[in-house]
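In what follows, a single structure is set out as structure tokens and then discussed.
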Number of protein chains: 2
Amino acid sequence: MPSALRKSPCEPVTAPREAPDLRPVEGKAADEELALLAKAVGHPARVQILRLLARRESCVCGDIVDELPLAQSTVSQHLEVLRGAGLVRGDIDGPRVCYCVEPRAMRRLKALVGSL
Amino acid sequence: MPSALRKSPCEPVTAPREAPDLRPVEGKAADEELALLAKAVGHPARVQILRLLARRESCVCGDIVDELPLAQSTVSQHLEVLRGAGLVRGDIDGPRVCYCVEPRAMRRLKALVGSL
DNA sequence: CCGTCAAATCGTCAACATGCGATAAGCGAC
DNA sequence: GTCGCTTATCGCATGTTGACGATTTGACGG
């Protein structure tokens, strides 16, 4: 652990109470949405990134690069995939970018998988 | 619904009580497992197939082909992907093959996704 | 303004995914 | 055996993914 409590521009892990997602979990649109999300998760490096972000042990892109045995450009691409799927958000923090999971998308993914 | 209650060589939808999965939901192996499963789910046609099988509206390969706007060979390939990931099982039933979801793998997938 | 550091983007390449038609293989019925 | 039906596999074309190094962009600090 880097330090006891590190302030960061990202949202707190525990969301402050959000409205439930009313979109259907079945049907063609839901199928495509699930496929899109699952595809984004469908790579070990991206799973690892999601876990890192969920645990908040890393948030800044560079830290993630250090954790993974991949080049910086490759990590950036994986982050872009996750961002494209809406699973992750990147907040610009000076010269750095702080990535964090998008809790709503994660809940959505869990709901869709749960509907299987 | 095709008929009231259709007998099939597949297992009942409600599993007869299985031991819980003791494998960890984190770590490198779990990450790779999740990535593998998610990758298999990461295609709309395969999501649709999983839903069809879960609802038991189709079980035989040919029925699935009829439901999807895809060629028979393509559906067969998707089924093979799902089978390779362990999400689906194919029981030979005379000249046909009856596919059904593998409840254990589905539970495993849900557990892994839930661990995110 | 410039350096400097972080991150994204570009260019390239090998590997894989996806689709199809065509063909092979397996199983029952006859 | 052989026919017919069902499913799997093959071969191929096309597009996407994943990896890397190299380069560009962006944001401070001086």
Side-chain angles (χ1 to χ4, degrees), chain A residues 2 6-10 31-32 34-50 52-53 58-100, chain B residues 2 6 8-10 28 31-32 34-50 52-53 58-100:
Chain A
R6 192 153 56 85
K7 186 114 184 305
S8 90
C10 295
D31 288 358
E32 283 170 12
L34 172 52
L36 209 87
L37 291 170
K39 195 172 187 179
V41 179
H43 192 288
R46 292 196 285 267
V47 173
Q48 227 174 321
I49 290 173
L50 284 177
L52 279 174
L53 294 182
S58 295
C59 180
V60 176
C61 176
D63 296 348
I64 302 169
V65 172
D66 293 341
E67 298 280 343
L68 303 187
L70 294 171
Q72 178 265 323
S73 57
T74 305
V75 171
S76 193
Q77 275 186 134
H78 283 304
L79 284 167
E80 173 59 22
V81 171
L82 290 171
R83 212 185 51 74
L87 285 166
V88 141
R89 186 162 46 90
D91 297 318
I92 295 171
D93 176 25
R96 278 170 272 275
V97 176
C98 170
Y99 284 93
C100 45
Chain B
R6 193 152 56 84
S8 91
C10 298
K28 188 158 167 279
D31 287 357
E32 282 170 13
L34 171 52
L36 208 88
L37 292 170
K39 196 173 185 177
V41 180
H43 193 286
R46 292 197 284 268
V47 174
Q48 225 174 321
I49 290 173
L50 284 177
L52 280 173
L53 294 181
S58 295
C59 180
V60 176
C61 174
D63 297 347
I64 302 170
V65 172
D66 294 341
E67 299 280 343
L68 302 187
L70 294 172
Q72 177 266 323
S73 58
T74 304
V75 171
S76 193
Q77 276 185 135
H78 283 304
L79 284 166
E80 173 59 21
V81 171
L82 290 171
R83 210 185 52 74
L87 285 166
V88 141
R89 185 163 47 89
D91 297 319
I92 295 170
D93 175 24
R96 280 170 270 275
V97 177
C98 172
Y99 284 92
C100 44

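Residue numbering restarts at 1 for every chain, and letters A, B, ... go by the order of the sequence lines.
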Search all heavy atoms of B/C61 against all heavy atoms of B/L79 and return the closest pair with its distance. SG-CD1, 3.9 Å
Interatomic distance, A/D91 CG vs C/dA6 P [rounded to whole Å]: 19 Å
Test side chain to side chain contact (heavy atoms under 4.5 Å, CB included) on B/H78 and B/L70; report intermediate values, then the result. CA-CA 10 Å; B/H78 283 304; B/L70 294 172; 4.1 Å; yes
Near DNA chain D, under 4.0 Å by heavy atom, which residues of residues 42-49 of chain A? A/H43, A/R46
When rounded to the nearest 0.5 angstrom, what is the spacing between NZ in A/K39 and CZ in A/R46? 9.5 Å
Protein-nucleotide distance (B/D63, atom CG; D/dT7, atom C1'), rounded to Å: 13 Å
Starting at CD1 of B/I92 and ending at C1' of C/dG26, how long is that distance when rounded to a whole Å? 8 Å
Do A/C98 and A/C59 have their SG atoms less than 2.5 Å apart? yes
What is the distance, rounded to the nearest whole Å, between atom CG of A/D93 and atom P of C/dC5? 18 Å
Starting at atom CZ of B/R96, determine the distance to atom C1' of C/dA29, rounded to an integer number of angstrom. 13 Å
All heavy atoms of A/A85 vs all of A/L37, minimum pair found to be O-CD2, 3.4 Å
If every non-hydrogen atom of B/L68 is compared with every non-hydrogen atom of B/V75, which pair is closest and at what distance? CD1-CG2, 4.2 Å
Looking only at heavy atoms, the pair that brings B/L82 and B/A40 closest together is CD2-O, 3.9 Å
At less than 4.0 Å, is any side-chain N or O atom of A/K39 found next to OP1 or OP2 of D/dT17? Yes or no. yes
Interface residues of residues 69-82 of chain B with DNA chain D (non-hydrogen, below 4.0 angstrom): B/Q72, B/S73, B/S76
CD1-OH distance between A/I64 and A/Y99, expressed to the nearest 0.5 angstrom: 8.0 Å
